[in-house]
Amino acid sequence: CANKVDGPSGEADAAYLWSLGLGEPHPVSALHGRGTGDMLDAVLEALPDAPQQTFGTAVGGPRRVALIGRPNVGKSSLLNKVAGEERVVVNELAGTTRDPVDELIELGGKTWKFVDTAGIRKRVHLQQGADYYASLRTAAAVEKAEVAVVLIDAAESISVQDQRIISMAVEAGRALVVAYNKWDTLDEERRYYLEREIETEMGQVSWAPRVNVSAQTGRHMEKLVPAIETALAGWETRVPTGRLNAFLGELVAAHPHPVRGGKQPRILFGTQAGTKPPRFVLFASGFIEAGYRRFIERRLREEFGFEGTPIHISVRVREKRGAKKK
């Protein structure tokens, strides 16, 4: 396709492109639309026949996985290793990936849709130009994904940036897997300090499956799919209302809410309002403190699993029946 041929005089110049040995050059003008119809006709001729259309047979399509993390942690290298071929450009220069790149990849007997995203550098409002738009597109890719694989460079200290990226995935309500890349480069001392960092810095997502991988050598790549499947299973878990209320009854009896201002709020009953991620609504006789909500979430995880998924708990305060309305 020879662009910028705005008139008949340019067509002669386009003829020189025969010398590339790639077949007939099509002179077009992207600005004016000249010659684009002929070029599209040639494109349609070159396309293979469309497959038989099968409506309504496939359910949902491949599961969508977003690879997110800081620049240069190895997201594109990981995608290439998982795909088994060089599909994405990899360079030591940080920020090679600008747009989310979708790849359909066969792994563990299933087809997955992996999205390689641009590295998120710093706060969106401090970014300029291409970085700003790259981070917006990354956020959109996370919204469309079902599970986010957050890649962290194990050779470097866990940064505020890593934690912010994890918070972004959690706030978007996505299933979560944390992958520590470049694991093969660590010595014993770094491993010791990394474990301490994970305990202190990553406590808020201790429920997320963790894999130690090397995108360079392919170490432990086979553990990635089971971790993703575990996170998706947690993300889609539904607890029957009867079982949930039996659990809440035992919990409140053993650990009642602290008395505040002479009153002790009680949880009357609860229900699971939805999945992907699991959302619970608790009906209570008064305001439930954030600390007690976190306690309920922790016990929900111990009882029902919910590995690899954030949990949303909302509380609705109900007045007791028969209470006089002022």
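Just so it is clear, the model here is predicted, and its values are computed rather than measured.
Put simply, the side chain of T117 gets close to the backbone of L67: a donor and an acceptor are under 3.5 Å apart. Side-chain atoms of T111 never come within 3.5 Å of backbone atoms of I105 as a donor-acceptor pair (strictly under, hydrogens ignored). Of the possible donor and acceptor atoms, one in the side chain of R301 sits under 3.5 Å from a partner among the backbone N and O of F306.
Here N245 contributes atom CG and T271 contributes atom OG1; the two are 7.5 Å apart, rounded to the nearest 0.5 Å. We find the CD-CG distance between E156 and N181 to be 11.0 Å, quoted to the nearest 0.5 Å. Here the CH2-CZ distance, from W235 to R63, works out to 7.0 Å after rounding to the nearest 0.5 Å. Distance check, rounded to the nearest 0.5 Å: CD of E24 to CE of M39 gives 12.5 Å.
Ring-plane geometry between F269 and F283 is classed as parallel, the angle between the planes falling under 30 degrees on a 0 to 90 degree scale with a further cut at 60.
Salt-bridge formation is not detected for the pair K81/E222: no Lys NZ or Arg NE/NH1/NH2 atom is positioned less than 4.0 Å from an Asp or Glu carboxylate oxygen. The pair E302-R299 meets the salt-bridge criterion, since a charged nitrogen lies less than 4.0 angstrom from a carboxylate oxygen.
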**Message:** Could you go through R70 and N72, starting from their C-alpha distance and side-chain angles, then the distance that decides it, and tell me whether this counts as side-chain hydrogen bond (donor to acceptor under 3.5 Å, both in side chains)?
**Reply:** CA-CA 6 Å; R70 285 185 296 144; N72 241 6; over 6 Å; no

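The two residues I68 and K75 have their closest heavy-atom pair at C-CD, 3.5 Å. When all heavy atoms of P258 and P265 are compared, the closest pair comes out as O-CD, 4.0 Å.
No close placement of the F280 and H312 rings is indicated, their centers lying 6.0 Å or farther apart.
For the pair R196 and Y192, the cation-pi test (distance below 6.0 Å, angle within 45°) is passed.
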